[in-house]
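What you see is a predicted model; the values in this text were computed from it and never measured. Chain naming here is simple, since letters A, B, ... match the order of the sequence lines and numbering starts at 1 in each.
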Protein chains: 2
Amino acid sequence: MDTNFPDLRQFGGAEAFLRVCKPRVVLEMFTSKWTALVMGALLDGPRRFSELRRALDGITQKMLSQTLRTLERDGLVTRTVFPTVPPRVDYELTALGRSATGILEAIGAWAGEHADAVIAARTTYDARAAEPPRPVT
Amino acid sequence: MDTNFPDLRQFGGAEAFLRVCKPRVVLEMFTSKWTALVMGALLDGPRRFSELRRALDGITQKMLSQTLRTLERDGLVTRTVFPTVPPRVDYELTALGRSATGILEAIGAWAGEHADAVIAARTTYDARAAEPPRPVT
DNA sequence: CCGCATCCTCTTTGATACTG
DNA sequence: CAGTATCAAAGAGGATGCGG
């Protein structure tokens with residue numbers, strides 16, 4: 001193979017490399033428990049906070065708020081406040097945000113093809129681990 | 001838009017949905033800090049434990065061991081023990097593991113195009129958050 | 001209605017030391 | 001060489017109550 005995997009020592013070790021690794025920045029965008037789900041709920045257009053809360057039945061206010069703030073900070077979602085009373089806040093995917101959903105679709109596609117194999121592998125592995133200690137022959 | 005985002009209530013809430021959501025299974029495969037890096041280090045072929053430890057300069061024995069065990073459990077990596085002394089253990093990507101690196105490449109590609117935009121958005125957001133309190137004008 | 005602040009728990013990661 | 005065991009630290013996630 002010819003993969004050009006970098007020698008991490010030139011970055012001062014893997015730890016240092018991770019701090020400047022762009023793919024990792026992206027990876028971390030989606031690793032939060034709710035990020036993908038919130039973006040999914042925004043695919044059809046702008047949504048209010050309470051609409052999202054209802055759509056993601058089970059998410060706490062705190063996590064929804066926190067997730068939306070992170071998405072906003074990363075430029076994936078816009079937050080629009082209407083100065084009405086009671087207050088109304090709309091969230092909407094930006095162009096950047098919509099382009100990022102392509103990654104989620106890629107993951108979904110791979111999951112459709114291979115997730116069962118992963119789950120099966122786990123089952124096999126766990127069964128093996130639970131076996132009685134080796135007989136001495 | 002026509003995105004078919006599911007109504008999560010039929011699953012008993014988002015939390016319940018997440019437990020059976022295959023894309024999430026895949027997402028969680030890569031959420032560990034070292035997973036992607038270890039797989040990257042295996043792209044060029046089989047590697048011994050100590051080779052990986054050197055390649056990922058900075059990883060602890062424990063985390064390398066743990067990461068490899070998870071990868072093995074998920075069927076992404078094989079572990080081959082040679083009954084020599086001193087012991088020697090080789091790790092190698094399976095076909096499933098190699099196919100999964102496609103996801104990492106997709107993430108890398110998106111990162112190449114958009115990571116700077118994300119980082120810039122963060123900088124802007126953080127600068128705005130650090131501004132002095134609004135003048136009343 | 002929107003969302004922040006507090007407190008608490010669980011998981012992940014890391015440092016260190018020991019074994020076949 | 002290739003791990004496991006143990007302990008401590010850090011961060012994510014969640015429950016609840018208050019404020020604009």
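- The phosphate of C/dG3 has OP1 or OP2 within less than 4.0 Å of a side-chain N or O from A/Arg79.
- Within the structure, every side-chain polar atom (N or O) of A/Lys62 is placed at least 4.0 Å from both OP1 and OP2 of D/dT16.
- A salt bridge links A/Glu15 with B/Lys33: the closest approach of a Lys/Arg side-chain nitrogen to an acidic carboxylate oxygen falls below 4.0 angstrom.
- Here A/Arg53 does not reach the OP1 or OP2 of C/dC1: none of its side-chain N or O atoms lies under 4.0 Å away.
- B/Glu51 places its CD atom 11 Å from the P atom of D/dC1, with the value rounded to the nearest Å.
- Rounded to a whole Å, the CG atom of A/Leu52 is 14 Å from the P atom of C/dC1.
- A salt bridge is absent between B/Arg128 and B/Asp126: the closest approach of a Lys/Arg side-chain nitrogen to an acidic carboxylate oxygen does not fall below 4.0 angstrom.
- Between B/Gln66 and A/Gln66, it is B/Gln66 whose nearest contact on DNA chain D lies nearer the 5' terminus.
- If you take CZ of B/Phe30 and P of C/dT12, they are 17 Å apart, rounded to a whole angstrom.
- B/Arg88 has its CZ atom 16 Å from the C1' atom of D/dG3, to the nearest Å.
- Comparing A/Tyr91 and B/Lys33 against DNA chain C, the residue whose closest nucleotide sits nearer the 5' end is A/Tyr91.
- Rounded to a whole Å, the CG atom of A/Leu64 is 11 Å from the P atom of C/dC4.
- For the pair B/Arg79 and B/Asp90, the salt-bridge criterion is not met [side-chain N within less than 4.0 Å of a carboxylate O].
- Note on B/Arg48: a side-chain N or O is less than 4.0 Å away from OP1 or OP2 of D/dA2.
- In this structure, the nucleotide among C/dC2, C/dA17, C/dG14 sitting nearest to the side chain of B/Thr60 is C/dG14.
- Considering only side-chain N and O atoms, B/Ser65 lies under 4.0 angstrom from the phosphate OP1 or OP2 of D/dT4.
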With a 3.5 Å cut-off and sequence neighbours excluded, list the donor-acceptor pairs that the side chains of residues 53-63 of chain B form with protein atoms.
unit_1: B/Arg53; atom_1: NH1; unit_2: B/Ile59; atom_2: O; d: 2.9
unit_1: B/Thr60; atom_1: OG1; unit_2: B/Met63; atom_2: N; d: 3.2

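- With rounding to whole Å, A/Leu56 atom CG is found 12 Å from D/dG14 atom P.
- The nucleotide whose nearest atom lies closest to any side-chain atom of A/Phe49 is, among C/dG3, D/dG14, D/dG3, C/dG3.
- Taking atom CZ of residue A/Arg69 and atom C1' of nucleotide C/dA5, one finds them 13 Å apart after rounding to whole Å.
- Distance from the side chain of B/Gln61 is smallest to D/dT4 among C/dG14, D/dG13, D/dT4.
- Distance A/Asp90 CG to C/dG3 P: 10 Å, rounded to the nearest Å.
- Across all strands, A/Thr84 comes closer than 4.0 Å to no nucleic acid atom at all (heavy-atom distances).
- With 3.5 Å as the limit, one finds no donor-acceptor pair spanning the side chains of A/Tyr91 and A/Arg47.
- Taking 4.0 angstrom as the limit, A/Ser50 places a side-chain polar atom (N or O) nearer than this to OP1 or OP2 of C/dC2.
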